[in-house]
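Chain letters run A, B, ... following the sequence lines, proteins first, then strands; residues in each count from 1.
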Amino acid sequence: EAGVAQSPRYKIIEKRQSVAFWCNPISGHATLYWYQQILGQGPKLLIQFQNNGVVDDSQLPKDRFSAERLKGVDSTLKIQPAKLEDSAVYLCASSLDNPGQRFYEQYFGPGTRLTVT
Amino acid sequence: GEDVEQSLFLSVREGDSSVINCTYTDSSSTYLYWYKQEPGAGLQLLTYIFSNMDMKQDQRLTVLLNKKDKHLSLRIADTQTGDSAIYFCAENRRSSNTGKLIFGQGTTLQVKP
């Protein structure tokens with residue numbers, strides 16, 4: 001079974017530029033998560049999708065971050081414009097289950113390492 | 001507080017046992033998890049424990065849960081150099097009706113040969 005795919009693996013941009021990350025979850029997984037992991041910290045949830053609907057985006061900085069999951073499969077996360085503090089690893093994860101269940105096994109992709117200079 | 005907390009670093013010798021500790025915040029959290037992250041890789045679920053359990057064993061891994069103190073630990077027996085990684089504990093709070101996980105900041109485990 002193929003895992004969660006992410007691209008690109010690395011990206012270096014200047015502040016105020018735009019960037020987009022792509023995620024392809026495991027086939028059949030209804031739930032997709034985007035996490036931000038700043039160096040030395042644990043992952044922090046940015047947004048969660050159930051199929052193509054948003055379940056939780058309470059920690060997404062909506063003035064500059066946006067995400068979509070068209071057709072309930074692939075997802076893109078965009079930052080526009082980027083700030084220095086956006087330098088982090090952006091992790092995508094997916095899970096098979098539905099909200100309301102209590103056990104969530106999330107499968108993580110390798111992440112995209114973003115450096116903003 | 002609001003944070004899941006872990007000690008930042010642990011160094012052990014190969015063959016010794018490792019114990020990684022975590023304190024979480026929500027006494028009503030239903031599941032608690034341990035994830036492993038190797039350099040340049042995503043997170044891999046190692047094990048989990050349901051909140052009505054106080055211990056779970058899985059091969060070399062033993063998870064202990066003290067709900068009264070909101071303390072979770074992961075013991076790795078016969079630690080190997082391949083166990084060197086960052087270990088994260090995470091909780092799924094009952095107040096969250098979704099799969100949202102709250103992670104600690106991670107414990108770096110260094111295994112010396």
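Considering only heavy-atom pairs separated by less than 4.5 Å from chain A, the leading option among B/A90, B/G40, B/G42 is B/G42. Put simply, of A/A93, A/G40, A/P43, the one with the most heavy-atom pairs under 4.5 Å next to chain B is A/P43.
For A/Q37, the part lying under 4.5 angstrom from a heavy atom of chain B is the side chain only. With a 4.5 angstrom heavy-atom cutoff, A/T112 does not touch chain B via any of its atoms. For B/Q37, the part lying near chain A is the side chain, with the backbone staying farther off; criterion is any non-hydrogen pair under 4.5 Å. Only the side chain of A/R9 comes within contact range of chain B, with at least one heavy atom under 4.5 Å from a heavy atom of that chain.
Here the side chains of B/L101 and A/Q106 are in contact, with some heavy-atom distance below 4.5 Å.
Against chain B, the residues from residues 83-91 of chain A that qualify, each with a non-hydrogen atom under 4.5 angstrom away, are A/L91 in number order.
More than 12 non-hydrogen atoms from other residues, nucleotides or ligands lie less than 6.0 angstrom from CG of B/L61. In this structure, A/K62 places its NZ atom where more than 12 heavy-atom neighbours from other residues, nucleotides or ligands lie under 6.0 Å away.
Residues satisfying the salt bridge (charged side-chain N to carboxylate O under 4.0 Å, His left out) test with B/R75, not counting sequence neighbours, are none. Considering only residues two or more places apart in sequence or on other chains, B/N21 meets the side chain to side chain contact (heavy atoms under 4.5 Å, CB included) condition with B/V19, B/H71, B/S73.
The disulfide bond (SG atoms under 2.5 Å apart) analysis of residues 20-63 of chain A, with sequence neighbours excluded, yields the pairs A/C23-A/C92.
In this structure, A/Y35 is a member of the same hydrophobic cluster as B/Y24, with clusters built from ILVMFWY side-chain heavy atoms closer than 4.5 Å. Residue B/M53 is grouped with residue B/L74 when hydrophobic side chains (ILVMFWY) are merged at heavy-atom distances under 4.5 angstrom, including chains of intermediate members. Tracing side-chain contacts under 4.5 Å through hydrophobic residues (I, L, V, M, F, W, Y), one reaches B/L46 starting from B/F103; they form part of the same cluster. Linking ILVMFWY side-chain heavy atoms closer than 4.5 Å, directly or via other members, places A/L32 and A/F108 in two distinct hydrophobic clusters. B/V111 and B/Y35 fall within a single hydrophobic cluster, where Ile, Leu, Val, Met, Phe, Trp and Tyr are joined by side-chain heavy atoms under 4.5 Å apart, directly or via other members.
Rounding to the nearest 0.5 Å places OH of A/Y107 at 8.0 Å from CG of B/L45.
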